[in-house]
Amino acid sequence: MSWRILYGLRSFLRSSLWVVPFIAIPFELIITRLVHVLDASLGWNFLGFALQGAQSLLQATITATLSFVVFTFGSLLVAIQVASAQLTPRIIATTLLRNGVVKYTVGLFIFTLMFAISAQNKMEKDVHQLVMLVAALLTIFCFAAFLYLIDYAARLLRPISILALVCKYGLAVIESVYPDPNRGSESEAGKSFDLGSPDRVIRHLETSGIVLAVNLGQLMDEASRTDGIIEFVPQMGDFVAVDEPLLNLYGGAQSIDEETLHAAIAFGSERTLEQDPTFAFRIVIDIALRALSPAINDPTTAVLAIDQLHRMLRMVGKRHLRIDEILDGSGRLRVVFRTPNWEDFVHLAFSEIRFCGSNNLQIVRRLRAMIDNLTQTLPTQCHSALQEQLSLLDRDIAQKFSYPEDLALARIADSQGLGGRSGNSSRGERDAR
């Protein structure tokens, strides 16, 4: 089984709500048999259930767990619609459908439902007391899990919870894609390679889709084995249509089997967070833009989104953003794999929000605070892109605010957007004048 198939299977299982509840069914069949065997061998009498009382408890358990399952999935569908409308549809596959609490809670409901049905079917004249004890405990756990799920879902659907969760995933992806810390300006410099025209071009011949993941280790091994160079043409998250160039092969790499190369690349219909560090930025920015739209007009949510962009951008600035050329142990070029540089991340984090929110005091003050903080905390080579954004922000502010008092207020950095400490007010007033 190729790496691409394994990756697709793993991603499918992680984003499917039905897998854990489905596994709970055969697991319940095994546990039910074991509990009945233990009950027959031990002969314990814990709760002293009579036949009628045991049947009533099992019937109540079946009714309650079935209601829990229906209510959970019904509420989830409503929550998905509301969250996608108020925040962004991109959180459905990346956060909601991969949430472990929902999966395992529904799995507990299904397990308890099937256990109660099995216990009821096997109960004729005698009451299996150990089975009834397990059923009673499972019922208690289901009620506790259902109440917890309601509280958890209410907290999860808050904008700050979704933003923090996406940021958490984004930070993990940044650390995995860029594992080395920033070592200074010399760490970003790389040797320039003139590849010339490729000896062979591999085109995408399957269904059009988005690049989700690439097995760089496999590409490195194949390039080293054939003493050639493999250039991956698109970038992570790019849409690749049928017959578009996918790989350029140089030197001995032209002899590599095409199927072997295709097996190292995973495509899909929607971007994911596994190897795409900019996608976390994209989700957070989309939430901010939706909050700034005239239909919603919620700049405070946009400020919360900028808080998470601030976290991720600081992490990017502290990592060594590897160059496109990947060398082997002997220093020979083997793979060309393009990744975003620092300027790309800065433009992504600032441009759209600045364009849509430059007329809002909260947004411009929070963006300025973000620039000031990153300038103070990140290495020197990161400053030029930040200063460029500060200059653009100042020009936008000058166009959008006509009153000197508003202009002075807009030029003050405030981590809360509006309402925090305005320690630089005198400086802002001078700039406005």
Side-chain angles (χ1 to χ4, degrees), residues 9-36 47 49 51-123 127-128 131-159 161-162 165-166 269-270:
L9 180 61
R10 186 174 68 251
S11 298
F12 174 76
L13 293 177
R14 289 183 60 188
S15 60
S16 299
L17 284 175
W18 62 270
V19 175
V20 174
F22 181 79
I23 294 176
I25 297 176
F27 185 65
E28 176 274 329
L29 297 176
I30 298 173
I31 296 300
T32 298
R33 288 181 174 272
L34 292 177
V35 173
H36 278 84
L47 302 179
F49 273 102
L51 182 60
Q52 184 176 0
Q55 290 178 344
S56 298
L57 174 62
L58 293 176
Q59 186 60 44
T61 301
I62 294 172
T63 303
T65 52
L66 187 59
S67 301
F68 291 162
V69 171
V70 173
F71 182 85
T72 300
F73 280 108
S75 302
L76 181 62
L77 292 177
V78 175
I80 288 175
Q81 293 177 353
V82 172
S84 61
Q86 295 295 323
L87 300 175
T88 174
R90 275 152 289 283
I91 66 172
I92 297 175
T94 55
T95 57
L96 297 181
L97 295 184
R98 298 193 176 203
N99 190 275
V101 173
V102 177
K103 292 181 182 180
Y104 290 106
T105 301
V106 175
L108 174 62
F109 295 158
I110 296 296
F111 179 89
T112 304
L113 173 65
M114 299 302 298
F115 186 90
I117 293 174
S118 299
Q120 192 177 50
N121 290 337
K122 293 185 178 182
M123 187 179 299
V127 177
H128 305 284
V131 175
M132 292 307 303
L133 175 63
V134 175
L137 292 176
L138 287 174
T139 303
I140 295 173
F141 291 153
C142 283
F143 274 93
F146 180 70
L147 296 175
Y148 172 78
L149 182 62
I150 294 176
D151 177 74
Y152 177 82
R155 297 175 184 272
L156 176 64
L157 293 178
R158 295 180 303 165
S161 299
I162 295 294
L165 188 61
V166 172
S269 58
E270 186 178 11

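When atom types are taken as modelled, the side chain of Ser15 and the backbone of Arg98 share no donor-acceptor pair closer than 3.5 angstrom. Of the possible polar contacts, one joining the Thr105 side chain to the Val101 backbone as a donor-acceptor pair under 3.5 Å is found. Using modelled atom types, one side-chain atom of Lys103 and one backbone atom of Arg14 make a donor-acceptor pair closer than 3.5 Å.
Shortest non-hydrogen contact noted between Pro26 and Phe22 is CD-O, 3.0 Å. Annotation for Arg158 and Ala154: closest pair CG-O, 3.6 Å, computed over non-hydrogen atoms. In terms of heavy atoms, Ile62 sits closest to Ala116 at CG1-CB, 3.6 Å. A pairwise comparison of heavy atoms in Ala24 and Gly107 identifies CB-O, 3.6 Å as the closest pair.
The side chain to side chain contact (heavy atoms under 4.5 Å, CB included) test with Ser118 is passed by exactly one of Ile31, Val35, Thr32: Thr32.
Distance check: Thr139 OG1 to Phe115 CZ gives 9.5 Å after rounding to the nearest 0.5 Å. Atom-to-atom distance recorded for Cys142:SG and Leu147:CG is 11.0 Å, nearest 0.5 angstrom. In this structure, the separation between CG on Leu34 and CG on Leu29 is 11.0 Å, given to the nearest 0.5 Å. Atom CD1 of Ile162 is separated from atom CG of Leu87 by 6.5 Å, given to the nearest 0.5 angstrom. Distance CG/Leu66 to CZ/Phe109: 11.5 Å, rounded to 0.5 Å. The distance from the CD atom of Gln59 to the CD1 atom of Ile117 is 9.0 Å, given to the nearest 0.5 Å.
Within 6.0 Å of atom OH in Tyr152, more than 12 heavy atoms from other residues, nucleotides or ligands are found, so the atom counts as buried in its surroundings.
A donor-acceptor contact closer than 3.5 angstrom is absent between the side chains of Thr112 and Thr65.
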Derivation and outcome, side-chain hydrogen bond (donor to acceptor under 3.5 Å, both in side chains), residues Gln55 and Gln120: CA-CA 7 Å; Gln55 290 178 344; Gln120 192 177 50; over 6 Å; no
Check step by step if side-chain contact (heavy atoms from CB on, under 4.5 Å) holds for Thr61 and Leu138. CA-CA 9 Å; Thr61 301; Leu138 287 174; over 6 Å; no
Between Val134 and Val131, is a side-chain contact (heavy atoms from CB on, under 4.5 Å) present by the stated rule, with each step listed? CA-CA 5 Å; Val134 175; Val131 175; 5.9 Å; no
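Val106 is not listed as a side-chain neighbour of Leu17, based on a closest heavy-atom distance of 4.5 Å or more. Using a 4.5 Å heavy-atom threshold, the side chains of Val102 and Asn99 count as touching.
Between Phe27 and Phe111, the ring-plane angle classifies as tilted under the 30° and 60° cut-offs.
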